[in-house]
**Student:** 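I am attaching a structure below and will ask some questions about it afterwards.
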There are 2 protein chains.
Amino acid sequence: MARSEASEERRAVIIAAAVRVLAREGITETTTRKIAAEAGANQAMISYYFGGKDELLYAVLQEMMRRTGEIARASLPTPQRFGEALAGAVEAFWAHVEQAPELQVMQYELTLYALRHPESAWLAQRQYAGYCAIVADLIHEVSMATGEPTAEPPDALARFIVGGLDGLILQFISDHDVARAHGDLRRLIAAALALALARGASAPSAIGDAVAEQP
Amino acid sequence: MARSEASEERRAVIIAAAVRVLAREGITETTTRKIAAEAGANQAMISYYFGGKDELLYAVLQEMMRRTGEIARASLPTPQRFGEALAGAVEAFWAHVEQAPELQVMQYELTLYALRHPESAWLAQRQYAGYCAIVADLIHEVSMATGEPTAEPPDALARFIVGGLDGLILQFISDHDVARAHGDLRRLIAAALALALARGASAPSAIGDAVAEQP
DNA sequence: ATCATTCATTCAATCGTTTGATTGAAGCGC
DNA sequence: GCGCTTCAATCAAACGATTGAATGAATGAT
């Protein structure tokens, strides 16, 4: 299957080029010609490898979902106390948001675009379900490891965190206020912990620890 | 100024038509021809009244911001306890989200579109600043009226609530899960109250009241 | 009161451009 | 020479914008 390997690489090159064009120009200004030019390929190759523009955009969205999932998963191997584990994972994710906000803008554009077409609406749903599942797993594992049960179910806490991050991202891509975002991120983590440990034994101190600024 | 009145009404008709087309077809499928047909007007009228397609879209976004601001402002005239005031306002707003989710999808598309162009990026910033200011005012007024000071500054709490709502809206337009959204909304309000009243005197009971399901 | 002029508004028709997609021939490793 | 890959060239369709003429209400001069 030497052909398939080369084909997969060609697809990856085109997808990477599409990501750059989409992030730079926005979804309404992105054309198959610009993508082909960015990839150093002919325009006809898009139809050849993906069937059409829509299918390429869906492939790009799936690639972004995969990348984000990797990032989210990459920052959870340290079983520690509840507050530190959650704060560490969320802040690691936020570093990637700050590093390339254009990619977040692009991802929202693609998600809304997929939501518009019946054949791809499931992508948007799977995106949120996937992120929430990762966070819920993290919560569940840490909860098990530390023996601290959560006051709210892990999947509800996960949706709270993922949704809260979405809100922070939307504000951040609008005003690019790094300092404010960090403060709001700290409050989001504190709120999530308050929900998770509400009326629990060690709640007050855990919240206090998480709310404290970094050194 | 009889001319101006007629002109303003014509503009409003075109904007209303643009809202319908945008909500129905999405921003990438919206054309000046479709908008003109929907408005029962000639295509040239868009250039005549707005200058171009972009300016019309910006006008639509501003109109949506105005409507949302009205909705947000409409549900705060009852000075009561902190928990009820906040929960009431947020749930009143959510009713409008549930009633017409397509408008929310459209508004995100327009916001991201405005964010792409330097001449209109300020619109996206003013949108969030405006919503946050309304919520911050609500918090500040209720805080003054009840004599309960907030543990976190009102503008920070406002950003937390607006951002949290954004996250909930994004999930809701993806899966349309009404029941789950209500549960998540309840948790969001509880979390906001926990932030507002953290370590305060009447905090525990107030949180408990707000967290309780409706009858 | 009458008529000429001005001005904002509306329209069908068309402008030049750009779009996504396709064609048929050429390239090329096997 | 066969099958997968690449390309320049081209397709019809749709795009935003503009044109110049037609409409009719307001204005001012006589």
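Order of the sequence lines sets the chain letters (A, B, ...), proteins ahead of strands, with each chain counted from 1.
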**Student:** Could you verify whether a donor N or O on one side chain and an acceptor N or O on the other, from B/Q125 and A/S174, lie under 3.5 Å apart?
**Tutor:**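 Their side chains do not contain a donor-acceptor pair, so the 3.5 Å distance test is not met.
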**Student:** Check this for me, if you would: do B/E38 and B/K34 make a salt bridge, where the nitrogen-to-carboxylate-oxygen distance has to be below 4.0 angstrom?
**Tutor:**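 Here B/E38 does not pair with B/K34 in a salt bridge, since their nearest N and O are not under 4.0 Å apart.
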**Student:** Please determine whether the number of non-hydrogen atoms from other residues, nucleotides or ligands lying under 6.0 Å from atom CZ of A/R126 exceeds 12.
**Tutor:**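 Atom CZ in A/R126 is not packed in, count stays at 12 or less.
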**Student:** Expressed in angstrom and rounded to an integer, what is the separation of A/L56 atom CG from C/dA21 atom P?
**Tutor:**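 Roughly 10 Å, once rounded to whole Å.
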**Student:** Would you tabulate the nitrogen or oxygen pairs shorter than 3.5 Å linking the protein to nucleotides 15-18 of chain D?
**Tutor:**
{"unit_1": "D/dC15", "atom_1": "N4", "unit_2": "B/R33", "atom_2": "NH2", "d": "3.4"}
{"unit_1": "D/dG16", "atom_1": "OP1", "unit_2": "B/K53", "atom_2": "NZ", "d": "2.8"}
{"unit_1": "D/dG16", "atom_1": "OP2", "unit_2": "B/T32", "atom_2": "N", "d": "3.1"}
{"unit_1": "D/dG16", "atom_1": "OP2", "unit_2": "B/T32", "atom_2": "OG1", "d": "3.1"}
{"unit_1": "D/dG16", "atom_1": "N7", "unit_2": "B/R33", "atom_2": "NH2", "d": "2.8"}
{"unit_1": "D/dG16", "atom_1": "N7", "unit_2": "B/Q43", "atom_2": "NE2", "d": "3.4"}
{"unit_1": "D/dG16", "atom_1": "O6", "unit_2": "B/R33", "atom_2": "NH2", "d": "2.8"}
{"unit_1": "D/dA17", "atom_1": "OP2", "unit_2": "B/K53", "atom_2": "N", "d": "3.0"}
{"unit_1": "D/dA17", "atom_1": "N7", "unit_2": "B/Q43", "atom_2": "NE2", "d": "3.4"}
{"unit_1": "D/dA17", "atom_1": "N6", "unit_2": "B/Q43", "atom_2": "OE1", "d": "2.8"}

**Student:** When you look at CZ of B/R11, are more than 12 heavy atoms from neighbouring residues, nucleotides or ligands closer to it than 6.0 Å?
**Tutor:**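 Above 12, so yes.
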**Student:** Taking side chain as C-beta onward, heavy atoms only, is A/R116 less than 4.5 Å from B/V105?
**Tutor:**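 Yes, side chains in contact.
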**Student:** Return yes if a side-chain donor-acceptor contact under 3.5 Å exists between B/Y48 and B/N42, otherwise no.
**Tutor:**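 Side-chain D/A pair, B/Y48 to B/N42: absent.
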**Student:** Where along residues 117-124 of chain A does a heavy atom come under 4.0 Å from DNA chain D, residue by residue in number order?
**Tutor:**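 Under 4.0 Å from DNA chain D: no residue of residues 117-124 of chain A.
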**Student:** Side chains of B/Y128 and A/D175: closer than 4.5 Å at any heavy-atom pair?
**Tutor:**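 A side-chain contact is absent here, since even the closest heavy-atom pair is not under 4.5 Å.
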**Student:** Look at B/R10 and C/dA8 and indicate whether a side-chain polar atom (N or O) is within less than 4.0 Å of OP1 or OP2.
**Tutor:**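 So the side chain of B/R10 is outside the cut-off, no N or O lying under 4.0 Å from OP1 or OP2 of C/dA8.
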**Student:** Could you tell me the separation between the OH atom of B/Y48 and the C1' atom of D/dT19, rounded to a whole number of Å?
**Tutor:**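 Those two atoms, OH and C1', are 15 Å apart.
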**Student:** Are A/Y58 and A/E119 linked by a side-chain donor-acceptor pair shorter than 3.5 Å?
**Tutor:**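 A donor-acceptor contact under 3.5 Å links the two side chains.
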**Student:** Between B/T30 and B/E25, do the side chains contain a donor N or O and an acceptor N or O under 3.5 Å apart?
**Tutor:**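 Absent: no donor and acceptor within the cut-off.
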**Student:** Given atom CD of B/E9 and atom P of C/dT10, what is their separation to the nearest angstrom?
**Tutor:**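 Rounded to the whole Å, the gap is 11 Å.
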**Student:** Evaluate the side-chain proximity of A/V19 to A/L103: yes if any heavy-atom separation is below 4.5 Å, no if none is.
**Tutor:**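 Yes, at least one pair of side-chain atoms sits under 4.5 Å.
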**Student:** Can you confirm whether A/D184 sits close enough to A/F172 that some side-chain heavy atom of one is under 4.5 Å from a side-chain heavy atom of the other?
**Tutor:**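 A side-chain contact is absent here, since even the closest heavy-atom pair is not under 4.5 Å.
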**Student:** Is DNA chain C part of any stem, that is, at least 3 consecutive Watson-Crick or G-U pairs with both distances under 3.5 Å, and where?
**Tutor:**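 DNA chain C stems, ordered by first number: C:1-30 with D:1-30.
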**Student:** With sugar-phosphate meaning primed atoms plus P, OP1 and OP2, does A/F50 contact a base, only sugar-phosphate, or nothing at under 4.0 Å between heavy atoms?
**Tutor:**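 No contact.
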